[in-house]
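Comments concern the structure below.
Order of listing sets the numbers, starting from 1, for every ligand and every atom in it.
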Amino acid sequence: MLRIAIQSKGRLNEESAAMLRDLGIDIDDSKRKFLSKSSNFPLEMLYMRDDDIPLVVSNGTASLGIVGLNEVEEKGYKVNIVERLGFGGCRISLAIPKADEYPGVEYFEGKRIATSYPQILRRYLESKGVNATIEVITGSVEIAPAAGIADAIFDIVSSGGTLVSNGLKEVERVFESEAVLISNENLSSEDQAVLNELLFRLESARISRGKKYLLMNIPESSLDDAIRILPAMRSPTVLPLAVKGWCSLHSVVNDVDLWDKVKALKAIGAEGILVLDIDKIIL
Ligand code: PRT
Ligand code: ZN
């Protein structure tokens with residue numbers, strides 16, 4: 001049974017659970033238990049605050065974790081980053097009062113900067129040769145300048161709305177983050193086998209993203225043209241129809257090309273075109 005630590009509540013909780021469900025793993029988080037086992041996969045969920053996830057994965061309490069890359073970077077515990085997961089995207093940025101002129105990073109020399117990410121900020125300031133005082137606060141960092149706690153902030157930004165509504169402007173984007181799957185550095189062979197199965201399922205879900213399944217009836221005389229329009233994974237599937245001179249053609253297309261392909265196929269006589277969502281593609 002492999003244990004995975006995921007956020008108990010907060011921005012990553014729902015998408016972490018949704019991702020596991022999408023991989024066919026039945027998880028029951030309705031009772032909000034601290035630990036819960038999947039009924040159909042050798043996985044046990046450990047629900048915790050995101051701040052603690054890098055530690056528990058690093059010390060082996062959990063073998064895997066889903067957490068923001070920002071937390072992994074800040075905490076600095078040794079873990080493997082196995083996959084970027086494509087959700088929870090944000091950045092950590094320096095922001096200053098809107099009315100201030102910004103000449104460049106030298107603005108911060110001698111200033112006080114409030115943040116919950118002191119390690120990432122310290123490394124950044126050092127790399128730029130800037131001396132500033134870091135004020136560590138754990139919540140509502142955006143109010144620090146107005147409250148007189150600091151001159152500027154270093155905080156997570158996503159849409160930028162929070163900065164605007166607090167009279168601040170983003171001046172340096174320092175760290176790009178998203179949710180990542182992390183693992184302990186010394187997995188047992190059983191845990192590695194479960195992780196491999198998870199990665200196989202993740203890859204199948206990833207390949208199917210942005211793709212549609214296309215079926216149509218087409219005159220046999222147009223088949224060569226249709227196959228040129230539709231280069232599929234290996235080649236399109238062609239099935240005979242009961243009506244002589246016609247066949248059914250199946251293929252996979254990228255979302256972005258869909259309407260161009262449909263137009264080209266109609267022009268060579270395709271009829272009854274069906275466009276279907278794909279759940280998984282297993283190569
Ligand atoms: O209770 P727990 O400690 O588990 O949760 P938390 O309150 O520490 O974290 P939570 O749930 O807010 O965020 C978890 C993770 O989500 C973060 O570590 C990031 O990796 C990721 N994430 C993605 C974000 C955001 N987007 C985000 N917008 N985390 C926080 N914010 C906050 C930010 O702090 C600021 O207050 O949202 C505000 C800015 O948003 P915009 O859209 O107004 O720019
Ligand atoms: Zn947290």
Just to verify, what does N70 make a side-chain hydrogen bond (donor to acceptor under 3.5 Å, both in side chains) with, not counting sequence neighbours? Y117, S177
Just do the side chain to side chain contact (heavy atoms under 4.5 Å, CB included) check on L241 and N217 with the steps written out, would you? CA-CA 8 Å; L241 284 187; N217 296 334; 3.6 Å; yes
Start with the C-alpha gap between Y102 and Y107, add the side-chain angles, then the distance that decides, and say whether ring pair (Phe, Tyr, Trp, His ring centres under 6.0 Å) holds. CA-CA 6 Å; Y102 185 67; Y107 170 94; 5.8 Å; yes
Residues R206, E83: salt bridge by 4.0 Å N-O rule: yes
Would you say atom 18 (O) of ligand 1 makes contact with the protein, given that contact here means a non-hydrogen protein atom less than 4.0 Å away? yes
Please state which protein non-hydrogen atom is closest to atom 40 (O) of ligand 1 and give its distance, to 0.1 Å? T162 OG1, 3.6 Å
The option among L69, I156, D50, N70 carrying the non-hydrogen atom nearest to atom 34 (O) of ligand 1 is I156
Of the listed options E178, Q7, R11, closest to atom 29 (N) of ligand 1 (non-hydrogen atoms): R11
Just which atoms of ligand 1 are under 4.0 Å from any heavy atom in V157? 44 (O)
For the pair E176 and R91, find out whether any cationic side-chain nitrogen is under 4.0 Å from an anionic carboxylate oxygen. no
Contacting atoms of ligand 1, where contact means under 4.0 angstrom from a heavy atom of G10: 11 (O)
Is it true that D100 and K169 have a side-chain N and a carboxylate O under 4.0 angstrom from each other? no
Give the atoms of ligand 1, by number and element, whose distance to some non-hydrogen atom of G161 is under 4.0 Å. 43 (O), 44 (O)
Can you name the atoms of ligand 1, numbered from 1 with element, that are less than 4.0 Å from a heavy atom of L12? 15 (C), 16 (O)
I need the nearest protein heavy-atom contact for atom 26 (N) of ligand 1: residue, atom name and distance, please. C90 CB, 3.6 Å
Under 2.8 Å from the Zn ion (ligand 2), protein N/O/S atoms total 2
Determine, for R49 against D52, whether the closest basic-nitrogen to carboxylate-oxygen distance falls under 4.0 angstrom. no
Only counting residues at least two apart or in another chain, list the ones meeting side-chain hydrogen bond (donor to acceptor under 3.5 Å, both in side chains) with D277. K212
Answer yes if the side chains of S38 and D26 hold a donor-acceptor pair under 3.5 Å, and no otherwise. no
Closest approach of any protein heavy atom to atom 1 (O) of ligand 1, naming residue and atom: R49 NE, 3.6 Å
Quick one: pull up CD in E74 and OG1 in T115 and give me the separation to the nearest 0.5 Å. 7.0 Å
Measure the distance from atom 36 (O) of ligand 1 to every protein heavy atom, then report the residue, atom name and distance (to 0.1 Å) of the closest one. E142 OE1, 3.9 Å
Taking atom types as modelled, is there a side-chain donor on T162 or E142 under 3.5 Å from an acceptor on the other? no
For the pair R123 and E73, find out whether any cationic side-chain nitrogen is under 4.0 Å from an anionic carboxylate oxygen. yes
Listing, residues 179-187 side-chain donor-acceptor contacts under 3.5 Å, not counting sequence neighbours, or none:
residue: N184; atom: OD1; partner: N186; partner atom: N; Å: 2.7
residue: N184; atom: ND2; partner: V57; partner atom: O; Å: 2.8
residue: N184; atom: ND2; partner: S58; partner atom: O; Å: 3.2

Check each atom of ligand 1 against the heavy atoms of K9 and keep those under 4.0 Å away; list them by number with element. 4 (O)
Short list, please: which atoms of ligand 1 are under 4.0 Å from a heavy atom of G160? 41 (P), 42 (O), 44 (O)
Of G88, S159, A179, the one whose closest heavy atom lies nearest atom 21 (C) of ligand 1 is G88
Could you tell me, atom by atom, which parts of ligand 1 come under 4.0 Å of a heavy atom of G68? 20 (O)
